[in-house]
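All values derive from a computational prediction rather than experimental measurement. So that the names make sense, note that chain A is the first sequence line, chain B the second, and so on, each numbered from 1.
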Number of protein chains: 2
Amino acid sequence: MRERWVPDARRSAVADAVGRLLTRGHGTFPGMREIAAEAGVTTGTLQHHFATKDDLLLFALDHHCRRCADRLKARSAQDLPSPRRALAAIVTELLPLDDDRAAETSVAKAFVSRAATDPGFAAHYRAQREILLGLLGEQFGRAGTPDPAAAATILAQAVEGMRTDCLLLGPDAVDVDAVLDRLLPPSSSPEETA
Amino acid sequence: MRERWVPDARRSAVADAVGRLLTRGHGTFPGMREIAAEAGVTTGTLQHHFATKDDLLLFALDHHCRRCADRLKARSAQDLPSPRRALAAIVTELLPLDDDRAAETSVAKAFVSRAATDPGFAAHYRAQREILLGLLGEQFGRAGTPDPAAAATILAQAVEGMRTDCLLLGPDAVDVDAVLDRLLPPSSSPEETA
DNA sequence: CCACCTCCATTACGACTGTAATGTAACAGA
DNA sequence: TCTGTTACATTACAGTCGTAATGGAGGTGG
């Protein structure tokens, strides 16, 4: 019998396929047939669930952004003990250290060029950035950092660079603790490593 | 009569056309005919000067990287007075604040996705990064910052984020001084604004 | 049973892709 | 002047692109 699919599950599966293709793919956006093959369906299925390719791509971007944002919120709500730990958890959550996060990073990178001209894609970048700034600023405020919003902005920008460094140069190229050491006053959280 | 072209000048003109198309284009790499039209030539000219499209793209990447690196070295050799000023000059030089720098930024961003899988493109990222780390580290060392190499790494990563923020959100979204305030000990260069 | 709808596979089409092939001016050296 | 080379322009071609069109299978309400 035909498999039972919650409609959104099918769309999400396709979005995951896009992420996988983007991570191990040749950089540019994959074609419809390639997406269909990766998702184990045909182009007809894609056409049935997405009006156009841009619609599909936009959904994939939204899908990965949402997954990432959900994980971030869960992380920052859970790791209460010290703001330093929370910041490290948030930053690490954004680095491409496993397949899921590598897909999210590749998706984000691939869509940046698109976002430079297409306002629909730029909106996602802005939204994702706002969420991240909020979470980071909250922790900086808890740590007693002066002007926590500015500190959050800088860390968010550094995270952008850490993501590409990690993606292109490997996980050893980034040092989260070194970044936090410079951005957090050392007096506010001494001897964390107990 | 036929125009006199130093061969490299023609290739550079084509590379500039790629940069222009990438800045105002739809994000993805432009086609050969589009490049030819922008450069004011035909596809035959492109085929004569470049073996393949990837060769052309690689040359364009190298062209913009070299231009940017040359400007950076000139900048950091000229602005000796204070390391803080030198760092600000280097960072600002990398932001997409005019057409040339916007092209370089767009080129860099567009090639990041490609570099994730293609080692030829990744080499350029690595090389450009090494140059930047050297210049930044030198100034941090002059400023007396402890572990200047680590500080340079962090600033380089922050620059990556500042470039995308500036590209997608506009020049007002980045504040170079705010970043330098956090990464430089304020005691090392007091009252710079004279 | 009959319509009707959703879900999906197949086929087809026109536009576009990078590149090979070919032709042609202009100039250089002999 | 003949020849060769450089520097193009033009045309052609095989392939891929996104998507429109069509059809069929299964479930559902009447």
Does [X] make a side-chain N or O approach to OP1 or OP2 of [N] shorter than 4.0 Å?
X	N	answer
A/H49	C/dC8	yes
A/T52	D/dT19	yes
A/T45	C/dC8	no

**Request:** Kindly give the heavy-atom pair with the smallest separation between B/L97 and B/C166, and that separation in Å.
**Result:**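 Closest approach of B/L97 to B/C166: CD2-SG, 3.9 Å.
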Nucleotide nearest [X] (side chain, heavy atoms from C-beta), chosen from [options]:
X	options	value
B/V41	D/dA9, C/dC8, D/dT19	D/dA9
B/R10	D/dC8, C/dT10, C/dT19	D/dC8
A/T43	C/dT11, C/dT17, C/dC8	C/dT11
A/Q47	C/dC8, D/dA20, C/dA21	D/dA20

**Prompt:** Measuring from A/D54:CG to A/F121:CZ, what's the distance to the nearest 0.5 Å?
**Reply:**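 Going from CG on A/D54 over to CZ on A/F121, the span is 5.0 Å.
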Quickly work out the [X] [atom1] to [N] [atom2] distance and round it to whole Å.
X	N	atom1	atom2	answer
B/F29	C/dG18	CZ	C1'	15 Å
A/F50	C/dC7	CZ	P	13 Å
B/R33	D/dC13	CZ	P	14 Å
B/M32	C/dG18	CE	P	7 Å
A/H48	D/dG24	NE2	C1'	14 Å
A/K53	C/dC16	NZ	P	15 Å
B/I35	C/dC16	CD1	C1'	14 Å
A/E34	D/dC17	CD	P	7 Å

**Message:** Regarding B/E160 and B/R129, does a basic nitrogen lie under 4.0 Å from an acidic carboxylate oxygen?
**Reply:**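 No.
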**Item:** B/D177 bridged to B/R182 by N-O distance under 4.0 Å
**Value:**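 A salt bridge is absent here (no side-chain N lies under 4.0 Å from a carboxylate O).
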**First of A/G31 and A/G44 reached from the 5' end of DNA chain D, by closest nucleotide** =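 The residue mapped nearer the 5' terminus is A/G31.
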**Message:** Would you say the rings of A/F50 and A/F59 are close, in the sense that their centroids are separated by under 6.0 Å?
**Reply:**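 Yes, close enough.
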